[in-house]
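A short worksheet on the structure shown next.
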Amino acid sequence: MRWDGQKMTTAARTLSEPEPLVPLAGLVRSVRTPDFAGITFHEVLAKSALNRVPKTSGMPFSWTVNPYRGCSHACVYCFARKTHSYLNLDTGLDFDSQVVVKTNVGDVLRREVAKASWAREHVAMGTNTDPYQRAEGRYRLMPDIIRALADSGTPFSILTKGTLLSRDIPLLKQAGTQVSVGMGISLAVLDPALAHAVEPGTPTPRARLDLITRLRNAGLPCGVMAMPILPWLTDSDEALDALFGALAAAGATGVSAGALHLRPGAREWYLEWLAKTHPTLVGRYRRLYRGGTYASAEYRAWLSERVRVHRRRHGLSAGARFFREDAGAPGTARLGQRTVPEAVTEPTLF
């Protein structure tokens, strides 16, 4: 659905917005609507849908599809913020409020996966920005993407914080009879007040727990990415015990958990938020991260052990387990006549 009749900008932006040095390729129009106050959607016609993942990335998949760039979830720690700088947009507020929408992504993807050269390798979604952010309720890009992949025999996985995914459960069940389908929910902050502070545009933790249960009741596997664990905010034994207990009760089929990464773009935005909300922690964070992306090795080893203890206590498997296809192998979950992967290296996403 497009927003005809709503306020549109000219070529790309209004005069009150920064002019991008790199014009948006394929831009059709930019649009605002009262339903999404403060957000501008830039509708583009994409030339390609499939993105090859560099072999050096360490990710357990080779291809991704990203129907959106930028994300209204506005997670203060989101590692993908840096990608907005490629459009000459800032990695803070612009990432949250200037969202690029590839309106033709389903049609382009269908053409790409129909090529004789397409090897039907696993395609991961939700590894950069969330395909089920709020705008998906209006643009409805994911159903065409799911159908294109399933009809071509291409296995795929989806990682999301968005409960809009529930709309497509019947479609995903059907796709699961054609190809291997992996489902993952991103949930690392159980406290609703803290979740609203660090992930202001996302559904509540309770809503995401309910979505896990709905997916499991529908016969779909559902791993959880409990990332990032936030030092001194969500890493206590009480917080970890509550989180893993809730995930187990919801029916999660596996959990990956790890410490916050502060990559360029996200680092500046997160530390600015921290200075406003928890100023006494800023110095501790700077020492813990020592100016780099990763927490100290000592902290990561300590957290890994605490995660292991609480995961075992609640009977949860290690690893979110929803990326790689391994049809017929031990540890796979069956759906219809196909198998759904439950074995995967633990990448750090969201």
Side-chain angles (χ1 to χ4, degrees), residues 46 48-68 79-80 102 105-106 108-132 141-160 162 165 168-169 171-186 215 219-225 227 252-256 317-350:
S48 63
L50 287 164
N51 310 295
R52 179 176 281 282
V53 178
K55 292 182 179 180
T56 57
S57 71
M59 292 295 100
F61 46 82
S62 299
W63 298 91
T64 65
V65 172
N66 297 297
Y68 304 95
F79 78 92
K102 302 174 185 177
V105 66
V108 174
L109 177 62
R110 188 170 288 276
R111 292 196 297 269
E112 290 178 336
V113 297
K115 293 179 179 179
S117 59
W118 175 239
R120 296 176 177 81
E121 297 178 69
H122 185 99
V123 173
M125 290 169 281
T127 62
N128 192 9
T129 55
D130 200 316
Y132 283 101
L141 302 179
M142 285 300 292
D144 286 345
I145 292 171
I146 292 168
R147 292 189 188 98
L149 294 171
D151 291 348
S152 69
T154 301
F156 65 90
S157 58
I158 299 171
L159 174 64
T160 183
L165 179 139
D168 293 340
I169 286 177
L171 182 59
L172 290 164
K173 289 182 64 176
Q174 175 60 36
T177 67
Q178 301 171 265
V179 297
S180 292
V181 176
M183 303 303 305
I185 301 300
S186 178
L215 287 166
L220 289 158
C222 184
V224 172
M225 296 292 277
M227 297 183 181
T253 51
V255 180
S256 291
S317 299
R321 304 184 172 197
F322 58 90
F323 281 116
R324 274 192 179 140
E325 180 177 18
D326 189 14
T332 58
R334 293 195 173 275
L335 182 61
Q337 300 302 310
R338 308 290 290 216
T339 57
V340 180
E342 288 193 3
V344 64
T345 304
E346 296 189 17
T348 299
L349 304 168
F350 282 92

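The first residue in the sequence is number 1, and the count goes up from there.
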Looking at every non-hydrogen atom in both residues, tell me the closest pair between [X] and [Y] and how far apart they are.
X      : Y      : value
Ala148 : Val113 : O-CG2, 3.7 Å
Ala150 : Ala175 : CB-CB, 3.8 Å
Gly162 : Asp130 : N-OD2, 3.7 Å
Ala252 : Val224 : CB-CG2, 3.8 Å
Leu215 : Cys222 : CD1-SG, 3.7 Å

[X] side, atom [atom1]; [Y] side, atom [atom2] - distance, nearest 0.5 Å:
X      : Y      : atom1 : atom2 : answer
His122 : Thr64  : NE2   : OG1   : 10.5 Å
Leu109 : Leu141 : CG    : CG    : 11.5 Å
Ser157 : Leu149 : OG    : CG    : 10.0 Å

Does the side chain of Trp118 pick up a donor-acceptor pair with the side chain of Thr154 at under 3.5 Å?
yes
Chi angles and distances behind the side-chain contact (heavy atoms from CB on, under 4.5 Å) call for Leu172, Ile158:
CA-CA 10 Å; Leu172 290 164; Ile158 299 171; 3.9 Å; yes
Student check: side-chain heavy atoms of [X] and [Y] closer than 4.5 Å:
X      : Y      : result
Val65  : Ile145 : yes
Val181 : Ile146 : no
Leu165 : Met183 : yes
Trp63  : Asn51  : no
Thr160 : Ile185 : yes
Lys102 : Tyr68  : no

Pairs where residues 149-158 contributes a residue and the test salt bridge (Lys or Arg N to Asp or Glu O under 4.0 Å) is met, not counting sequence neighbours
Arg110-Asp151
Is it true that a side-chain atom of [X] and a backbone atom of [Y] form a donor plus acceptor pair closer than 3.5 Å?
X      : Y      : result
Lys173 : Leu220 : no
Ser152 : Ala114 : no
Glu112 : Ala49  : yes

Dump the intermediate steps for side-chain contact (heavy atoms from CB on, under 4.5 Å) on Leu159 and Thr127, then the final yes or no.
CA-CA 7 Å; Leu159 174 64; Thr127 62; 5.6 Å; no
Partner residues of Asp144 under the salt bridge (charged side-chain N to carboxylate O under 4.0 Å, His left out) criterion, sequence neighbours left out:
Arg147
Quick one, Asp168 with Tyr132, criterion side-chain contact (heavy atoms from CB on, under 4.5 Å). Give me CA distance, side-chain angles, the key distance, then yes/no.
CA-CA 10 Å; Asp168 293 340; Tyr132 283 101; 2.6 Å; yes
